[in-house]
Amino acid sequence: MQVIMSSSLHSLPWSAQTLVSNFNSPLELKQAHAHLIKTKTPLSLIPPSRIASVCALSHLDFSYAHRLLAHFHQPQIVVWNSCLKTLAESDSPFDAILLFRRLREFDVVPDSFTCAFVLKACTALLDDKNGKIIHGVVEKFGFQWNIVLQNMILNFYGLCGEMSTARLVFDKMPQRDVVSWNVMITHLVKSGDFEGAYGFFSRMPERNVRSWTMMISACVHCGKPKEGVELFMEMEKIGVQVNEVTVVAVLSACADLGALELGMRIHEYSKRSGFGRNVRVLNTLIDMYVKCGCLEEARRVFEEMEERTIVSWSAMIQGLAIHGHAQEALRVFSMMIEMGVMPNGVTFIGLLHACSHMGLVDEGRRFFSCMTRDYGIIPEIEHYGCMVDLYSRAGLLQEAHEFIMNMPIKPNGVVWGALLGGCKVHKNIELAEEATSHLAQLDPLNDGYYIVLSNIYAEAERWEDASRVRKLMKNRGVKKKPGCSSVMVDGVIHEFVAGDDSHSQANEISDMWEKLLDYMKLRGYKPDTSVVLLDVEEKEKEKFLYGHSEKLALCFGLINTPPGSVIRIMKNLRVCEDCHAAFKLISAIVNREIVVRDRNRFHCFKDGACSCQDYW
DNA sequence: CTAGGGTTAG
C-alpha cells in the first residue's frame with residue numbers, strides 16, 4: 001500500500017539523503033533500503049528508475065529489484081524499460097534478454113518499448129531465436145500497429161539473412177512508412193538482389209533522401225554507376241535536397257564512370273553547401289579525381305584537408321600508385337608514419353601496388369615483411385596477389401611461382417592471373433601453362449586468360465596450340481569481350497567499340513588516322529601486328545589493329561577538341577602494345593597530353609613518353 | 001526505439 005508521504009528527501013539527515021539518492025552498487029542500495037525501513041520513511045523516496053538499473057547493471061538478482069519496485073504506484077514497466085534500454089545499448093546486450101525473461105516470470109506486462117529494447121539487443125547479437133520470441137510477443141499483445149517496432153522486426157530479419165520472413169512481415173504490416181520500404185531495400189541489396197531492391201524502390205509511394213541515396217549507392221556497389229548517376233539527375237530534377245551522404249554515393253559513381261565534369265560540378269556544389277569539409281566527402285573526392293585522371297586535383301584536395309583519416313592517406317597512396325608515381329607514394333607513406341598515423345591492410349595494398357607497377361622489387365619485399373613485423377597486419381589474398389604481380393612483372397617468374405607454392409592461403413584466380421601476365425611479358429610457356437591449368441578451375445569464364453595464353457603461343461609461332469586454346473574457349477562458351485573506349489567531348493561521352501565504322505564521323509576519323517600514320521612512320525612506327533590473334537594476312541591484321549577502340553576514340557577527340565587541351569580516354573580492357581607505342585608518338589606529333597585509363601592503371605602520354613615508363 | 005556514406009591486388 002502506498003503511504004501518503006509527509007516526509008521528503010530534504011527532511012532526512014544529509015548522510016541518509018546521500019545514501020538514498022546516490023547509491024551506485026547493490027550494497028549501497030540495500031543499505032538505503034534498510035535505512036528507510038529503520039526510520040519508517042516511505043520507500044518511494046528511492047528513485048525507482050535507479051533501482052532496476054543498479055540491480056541489472058551489477059547483475060544483482062532481479063527479484064530483489066522487483067520486490068522493491070512492487071512498493072511503487074507508478075507503472076513499473078517504465079522502470080524496467082529504462083533498464084532494458086541501458087542493457088541493450090551496453091556491451092553485454094544478452095543481459096537485456098535475461099532481464100526480459102525475469103520480467104516475464106514476474107508477470108510484468110511488456111509494452112511496445114519493452115519489445116523495442118529487447119529486439120535491439122537481439123539485433124546486436126543476431127540472436128534469431130530470441131528475436132522470434134519477441135516477434136511473437138509483439139503479435140500477442142497487438143503491437144503490430146506500431147510501425148517503428150514493425151520496422152525493427154523487418155531490420156532484424158534482414159540482418160539475420162531471413163529475407164523471406166522479412167518479406168512476409170512486410171506484406172502483413174497493416175501500415176507502412178518510408179522507413180519500412182527503405183529497410184527492405186537495404187537488405188535486398190545486401191542479399192545481392194539488386195533487381196528486387198529496384199522493384200521496391202520504384203513501387204514506393206513516397207521517397208526521402210535516404211531512399212534515393214541508398215539506391216544510388218546500391219547501383220555503384222552492383223557495378224551500375226551509370227544508373228546511379230541517372231538517379232542523381234532525376235533527384236535534382238524533382239528537387240530533392242541532397243546531403244553529404246548522397247554526394248559520397250554519386251561521387252563514387254563518377255569515379256567508376258570517369259565522369260570528371262559531373263564530379264567537378266558536385267565538388268563545387270559541396271563547397272557551396274557547406275559539407276565540402278566532411279572527411280568522407282573529401283576522401284571520395286580524392287578517389288574520384290584519381291580515377292578520372294586528375295592527379296593534380298586529387299593532390300590538392302588531399303593537401304588542403306584539415307583532418308585526414310587512414311582512408312585519406314590510403315586513397316592518396318593508391319592514387320599515386322595507379323598513376324605510376326611510386327616514389328611519391330612511398331614518400332607520402334613515410335610522411336604518414338612520421339605523423340603517427342597507423343597504416344592498415346589497405347594502405348599496404350596501395351604501397352605494394354606502387355612497387356609492382358614500377359618494378360621496385362626490394363622495396364616491395366621490405367614492405368611485405370614489415371607490415372606484419374612492425375604493424376601486426378596479417379597479409380591477405382590481395383597482398384599475396386601484389387607480391388606475385390611484383391615478381392612476375394619484374395621477370396622473377398621462378399620466385400613468383402615459389403612464392404605461390406609457399407602461400408599459407410589458397411591462391412585465387414587473380415594470383416595465378418598475375419603470374420600468367422608475367423609469363424606473357426617474359427615469354428615463359430611452361431609456367432603459363434601451369435597458371436592456366438589452375439585458372440581453368442578457378443575462373444573458367446574469364447575471357448582474358450584464354451586470350452593471353454593464346455597470345456603467348458602465337459608469339460612463339462605455336463599456331464596449333466593457339467587455335468586449340470581458342471577452340472577450348474568456344475567450347476566453354478566464353479566470348480572475347482570487345483574493346484570499348486570512350487572520350488568526353490563538350491560534356492558528352494562518346495563510345496567506340498573496336499572495329500566499328502558506323503560512326504557519323506567515321507570518314508573524318510579514318511582520315512585523321514591516315515594523316516597521323518604518315519607522321520608516325522616518319523618517326524619509325526611499325527605496326528605491331530602480333531597483338532592481333534586472328535590467323536589472317538598481314539594487311540588484314542593491320543586493319544584490325546587500326547580499328548582498336550582507343551585509336552578511334554583518340555582520333556575523334558583530336559578532331560573535336562581545341563588544340564592543346566588534354567584528351568581523356570577510358571578503356572574497358574588493357575591498352576595493347578601497339579596502341580601504347582602509337583599514343584606515345586602521337587602525343588609528340590600533335591603536342592597534346594593524352595590520359596588513358598585502362599582496366600588497371602593510367603597511362604599519361606606526353607612529349608613522346610608515357611608516365612608508366614613502359615613498365616606495365 | 002527503425003533505414004543510407006570513403007581507400008582494396010590482374
Side-chain angles (χ1 to χ4, degrees), chain A residues 81 84-85 88-89 112-120 123 146-156 158 177-187 189 208-218 220-221 243-252 255 275 278-288 290-291 309-319 321-322 344-353 356-357 379-390 392-393 412-422 435 439 443 446 448-449 452 574 598-601 616:
Chain A
N81 285 351
L84 283 170
K85 179 177 193 285
E89 288 164 358
S112 62
F113 280 87
T114 318
C115 297
F117 297 136
V118 183
L119 195 56
K120 190 167 185 170
T123 307
N146 182 326
I147 296 188
V148 173
L149 201 46
Q150 290 289 304
N151 290 345
M152 289 179 79
I153 291 171
L154 287 182
N155 188 39
F156 167 79
D177 65 3
V178 66
V179 180
S180 326
W181 290 88
N182 286 354
V183 170
M184 289 304 285
I185 292 172
T186 310
H187 293 293
V189 171
N208 60 14
V209 207
R210 284 196 183 207
S211 328
W212 288 94
T213 307
M214 269 181 351
M215 210 56 231
I216 293 173
S217 88
V220 177
H221 288 129
N243 61 24
E244 54 257 78
V245 187
T246 323
V247 162
V248 167
V250 74
L251 280 175
S252 314
F275 37 75
N278 176 308
V279 197
R280 289 184 191 234
V281 169
L282 291 167
N283 290 343
T284 321
L285 273 170
I286 294 176
D287 186 51
M288 186 277 289
V290 160
K291 293 199 177 134
T309 63
I310 185 59
V311 177
S312 330
W313 291 96
S314 304
M316 194 66 240
I317 289 171
Q318 166 69 11
I322 60 173
N344 65 13
V346 182
T347 321
F348 277 96
I349 292 174
L351 278 175
L352 294 174
H353 200 181
S356 75
H357 277 295
E380 291 176 72
I381 191 76
E382 290 88 347
H383 300 97
Y384 289 102
C386 285
M387 289 307 286
V388 173
D389 188 42
L390 174 73
S392 305
R393 281 176 201 264
N412 62 11
V414 180
V415 170
W416 288 109
L419 179 66
L420 181 64
L439 287 165
D443 197 359
N446 190 320
Y449 301 136
V452 173
R574 289 187 63 177
D598 82 6
R599 193 162 188 75
N600 43 0
R601 62 167 299 153
W616 52 292

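Keep in mind that the numbers below use all heavy atoms, side chains included, and drop hydrogens, waters and symmetry copies. In the text below, chain A, chain B and the rest are named by the order of the sequence lines, each starting its count at 1.
The phosphate of B:dA3 (OP1 or OP2) has a side-chain N or O of A:Asn155 nearer than 4.0 angstrom. Close to B:dT7, at under 4.0 Å from its OP1 or OP2, lies no side-chain N or O of A:His353. Between A:Gln318 and the phosphate of B:dA9, there is a side-chain N or O to OP1/OP2 separation shorter than 4.0 Å. Note on A:Arg601: every side-chain N or O is 4.0 Å or more away from OP1 and OP2 of B:dG10.
Counting only heavy atoms from C-beta on, A:Val148 has its side chain closest to B:dT2 among B:dG10, B:dT2, B:dG4. Of all nucleotides listed (B:dG10, B:dC1, B:dG4), B:dG10 comes nearest to the side chain of A:Arg574. Across B:dT7, B:dG4, B:dA9, the shortest atom-to-atom separation from the side chain of A:Val346 is found for B:dT7. Closest to the side chain of A:Glu244, out of B:dG4, B:dT8, B:dG5, is B:dG5.
Under the rule for a side-chain contact (heavy atoms from CB on, under 4.5 Å), the partners of A:Gln318 that lie at least two apart in sequence or sit in another chain are A:Ile322, A:His353.
Distance CD1 (A:Ile349) to C1' (B:dT7): 9 Å, rounded to an integer number of Å. When rounded to the nearest whole Å, the span between NE2 of A:His221 and P of B:dT8 equals 11 Å. Residue A:Ile322 contributes atom CD1, which lies 14 Å from atom C1' of B:dG10 at whole-angstrom precision.
Side chains of A:Asp287 and A:Thr284: a donor-acceptor N/O pair is absent below 3.5 angstrom, by distance only. In this model, a donor atom of one side chain and an acceptor atom of the other lie less than 3.5 Å apart for A:Asn182 and A:Asn208. Side chains of A:Thr347 and A:Asn344: a donor-acceptor N/O pair is present below 3.5 angstrom, by distance only.
Between the base of B:dG4 and the side chain of A:Asn243 there is a donor-acceptor pair shorter than 3.5 Å. The base of B:dA3 lies outside donor-acceptor range of the side chain of A:Asp177, with no N or O pair under 3.5 Å. Taking 3.5 Å as the limit, the base of B:dA9 and the side chain of A:Asn600 contain no donor-acceptor pair of atoms between them.
Using a 4.0 Å heavy-atom cutoff across all strands shown, A:Gly417 reaches no nucleic acid atom at all.
Using a cutoff of 4.0 Å between basic side-chain nitrogens and carboxylate oxygens, A:Arg280 and A:Glu244 are not scored as salt-bridged.
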